[in-house]
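These notes are about the structure you will find just below.
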Amino acid sequence: MSFLTTSHLSRYFDLSEPWLVRKIKGQPKKLLKAVDEVNIGVERGQTYALVGESGSGKSTIAMMVAGLLKPSSGTVLFNGDNFFNPSLGKIKRMSMRKSVQMIFQSPYASLNPRWKVGDILKEPIKAFSLIEDETNQINRVCELLEQVGLSPRDMLKYPHEFSGGQRQRICIARALASKPEIIICDEPTSALDVSVQAQVLNLLKDLQQAFSLTYLFISHDLAVVSTMANKIGVLKQGILVEEATPSKLFLRPEHDYTKMLLSAAPDISNASRI
Amino acid sequence: MTSKPVKPLLEIQNLDVTLKNRDSYFKALDDLSFNVLPGEILGLVGESGAGKSMTGSAILGLIEPPLFISKGKIIFKGKRIEENAISVRGSMISMIFQDPLVSLNPLRKIGDQLVETIRTHINIDKAEAITYAKNLLEEVGIDRERFNAYPHTFSGGMRQRVVIALALAPNPSLIIADEPTSALDVSVQALILALLKRLCKERGTSIILITHDMGVIAETTDRVAVLYSGRLSEIGKTSEVLNSPKHPYTQGLIAATPRIDADSLKTKLYQIPGTMPDLSEIPDGCPFHQRCSKSIPKCSENNPPLLYDRASCWLLEKESV
Amino acid sequence: MIRTFLESDLYHNFKHTPVAVISLGIFLLIALMAIFANIIAPHTPFEPSTLNLMNGFTPPMHPNDFTGDVFLMGTDNQGRDLFSTILYGSRISLFVGIMAVLLSMTLGVTLGLIAGFVGGWIDTLIMRFADIQITFPSILIAMLIYGVAKGLLPPDMRYEMSITVLIISIGLSEWVPFARTVRGSTLIEREKEYVISAKMLGLTPLQIMRRHILPNILSPVLVIATITFALAIITEATLSFLGVGVPTTKPSLGTLIRIGQDFLFSGEWWILLFPAVTLLMLALSINLFGDWLRDMLNPKLK
């Protein structure tokens, strides 16, 4: 069995009008199937990319995998454990939290602007009671900063003193702090400039090797995905329409939607075409 | 290649835009010069803070304190416009923004907004303006019947089409499109870019396409200007710049752009070290020299001018010798 | 810390905005004089033994006909030095204002945070209650609470508790603007990724609200606190003017104005004028400073 599996994962959002209005107008309930019966399996140490346009449900899946949103039906299992299993003990739940972390799209909103970087990185260490001793906590923060290519001196600065790419590095360091097994990357570079994007993507690759991390990589950008993923799932309006390895997906796409996405994606290699 | 040189539609000559912050002055645009030829799509590409949008604002006369134009000329159809009021540019230059909702009034029907824009610029009666507006909608790929619809009933891509119709209404000779597709899905983006290309060809309108996306540049533009720290790093035909870039920054930018390729998983992307400096921290000499792997001593001393009408880099000088 | 403040845009703008400098200056002047009233004031107006009834109704800067004493702002009917009473009165007004603001701020911020972060029926409950309260003028609410509290207290405690009751009634009448603003800001902050990542750490809602959201919503709270402070001082003055506020033995500015009002038409104008002008300066300087602060901290106006 894969390290992370989702089976028949679905999430509906209730878009119907208030109960009374509905009764008066005689309307049925209106449900939006944001995610509909999605089954994926992610192997340990690999990168699985979910690709889709807006409204494809990729971020909803990310939130459910992260245990922040309860699925309407279906399950998410990490090594057989489920966040929403009511009989899951508190200790077990905390250890699951520790092993599943997330990095986000916006490097501006993902760091608390009032906290120093050192405190931001210390928070997961304290929350999971990983290191009790103050000096060792600071040593760990230094280590984390170095792992993401920042200087230990940066821990005394505030987030606004950093550029977008550096902030994304801080977010990665925070995700690494609890020594997770899987990191959900929700559009981690789509707010960054090209040269910075390359730095962050390379960093993610290096860290994956160093700590044998598993990534669930969410993106709308097929070019970015092609540099990262071992396996790609294409989502369209909540349904997984195609799942394949990059070589197969890019060379012999099967679903029409995948073909359309591939032909529509602007590609720098096409300059000679003009 | 034509034998006689084409007269440019827009010339920007040695333009400086300065930012005044308390008592310090920073150059946001530094000695920027380029031309836009009639009927071409010129791409302005660069990272955030490189001065792409500011160039657009300068052309439109939208530079406001604490920014001001401190040097240079903007010549449009042979007339200097950099100090004139926006109204002088009026109907000749239109703008398309990233967010279509900026340009659309949510409380008014799109037809009314179009007719109003048409009648402020062109002296025709209302019935004619309505026909003209409907024709415009058809031209950008929207059903004539939706003339009386409100903006919120359109999808993002359709709204951007309405904005393009609004931009076309005065029949401008130049459209500045600032990241027109960055908020859209790739499938919609492809359609909007195709529309812009078609309009450019059919109407002979010039377009300045401001974007950060090298892929969009590759697929849409005739020529491209690469900006870095408010300076022009490289300019030229898109295919030449992308296939044989002369400036190390352009080279790095192209190498760092991911490509859709089954094999790219195995290799790492090329990465330019560091980030673009803030306005207050731009080094002496070439603004890129600290991140440049090919820099020579001269680079940190003097800021290179645009050499061979192609790239601002001292290495080009060496190459030719 | 101080250096960062001195280099900040806020301080830079402050230095270059005369209205802000002057209004803060006036406020600090009144506040400091009130705080050090027992040192500055030439008389102790609430010590009956030091009063001389012969000094009653002495006009400002004019020797008394009988005793020859000169008073800066004149005296009232009982011969109390007005300058001294104003200093002591400002002290009470400021104290009541500050305490009332602290109370309404604590209440409003807490309720607003809970409403915004928890949402659902708790949000509806709190905000509907706020809607109902705001339809009544706050002075009415304050009087209502004041009346109920006075009725509930045993008669012998009414006198000593009157300032506390006043603070509570003003405080309870002003929490709605805090709650509304805080709820709005919380709704924005709680969707931000730094809050989501705090949830990923398994923090409790209370920890997230206190450690992450609260520090990020304080700047609008500061602005409202300033404006509410001025409002609270005026409400206190109004209540005291109506005779339901502080006891006459410890007069606040409002009480002084009420006393002065009795003598306005018999020619002793100074008894009303000086306390009224002090109240005006106090409220105006706080309001102008608050306006400047709002302009600075509101990103929409920047």
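The figures here come from the full heavy-atom set of this structure, side chains too, leaving out hydrogens, waters and symmetry mates. Order of the sequence lines fixes the chain letters, A, B, ..., with proteins taken first and strands second; residue numbering starts at 1 for each chain.
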With a 4.5 angstrom heavy-atom cut-off, which part of Asp221(A) approaches chain B: side chain, backbone, both or neither? neither
Lys205(A) backbone acceptor or donor facing Lys268(B) side chain under 3.5 Å: no
Among residues 154-162 of chain B, residues within the sub-4.5 Å heavy-atom range of chain A, in order of number, are none
Of Arg259(B), Met214(B), His212(B), the largest count of non-hydrogen pairs under 4.5 angstrom with chain A goes to Arg259(B)
Interface check, chain B: of Ala264(A), Ser163(A), Gly55(A), most non-hydrogen pairs under 4.5 Å belong to Ala264(A)
Please check if atom CD in Gln209(A) has more than 12 non-hydrogen atoms from other residues, nucleotides or ligands closer than 6.0 Å. no
On a heavy-atom basis, which atom in Gln271(B) and which in Ala198(A) lie closest, and how many Å separate them? OE1-O, 4.0 Å
For Leu261(A), does its backbone N or O pair with a side-chain atom of Ser187(B) as donor and acceptor, under 3.5 Å? no
By a 4.5 Å heavy-atom criterion (distance strictly below it), what part of Leu191(B) contacts chain A: side chain, backbone, both, or neither? neither
Treating Gln199(A) as the side-chain partner and Gly274(B) as the backbone partner, does any N or O pair qualify as donor plus acceptor under 3.5 Å? yes
Within a reach of under 6.0 Å around NZ of Lys248(A), are more than 12 heavy atoms found that belong to other residues, nucleotides or ligands? yes
So for atom CG, which belongs to Asp309(B), do other residues, nucleotides or ligands contribute more than 12 heavy atoms lying within a distance under 6.0 Å? no
Interchain contact, Met228(A) with chain B, by part (heavy-atom threshold 4.5 Å): backbone
Pick one of side chain, backbone, both or neither for Tyr270(B), based on which atoms fall under 4.5 Å of a heavy atom in chain A. backbone
Does anything in residues 186-193 of chain A get under 4.5 Å of chain B by heavy atoms, and if so which residues? Asp193(A)
Quick one: of Val194(A), Asn202(A), Thr245(A), who has the most non-hydrogen atom pairs under 4.5 Å with chain B? Asn202(A)
Honestly, the part of Gln197(A) sitting under 4.5 Å from a heavy atom of chain B is side chain
Count the heavy-atom pairs under 4.5 Å between each of Ala255(B), Gly215(B), Gly49(B) and chain A, then report the option with the highest count. Gly215(B)
I need the minimum non-hydrogen distance between Leu201(A) and Leu269(B), along with the two atoms involved. CD1-CD1, 3.7 Å
Measure distances from Gln189(B) to the heavy atoms of chain A and classify the residue's part below 4.5 Å as side chain, backbone, both or neither. side chain
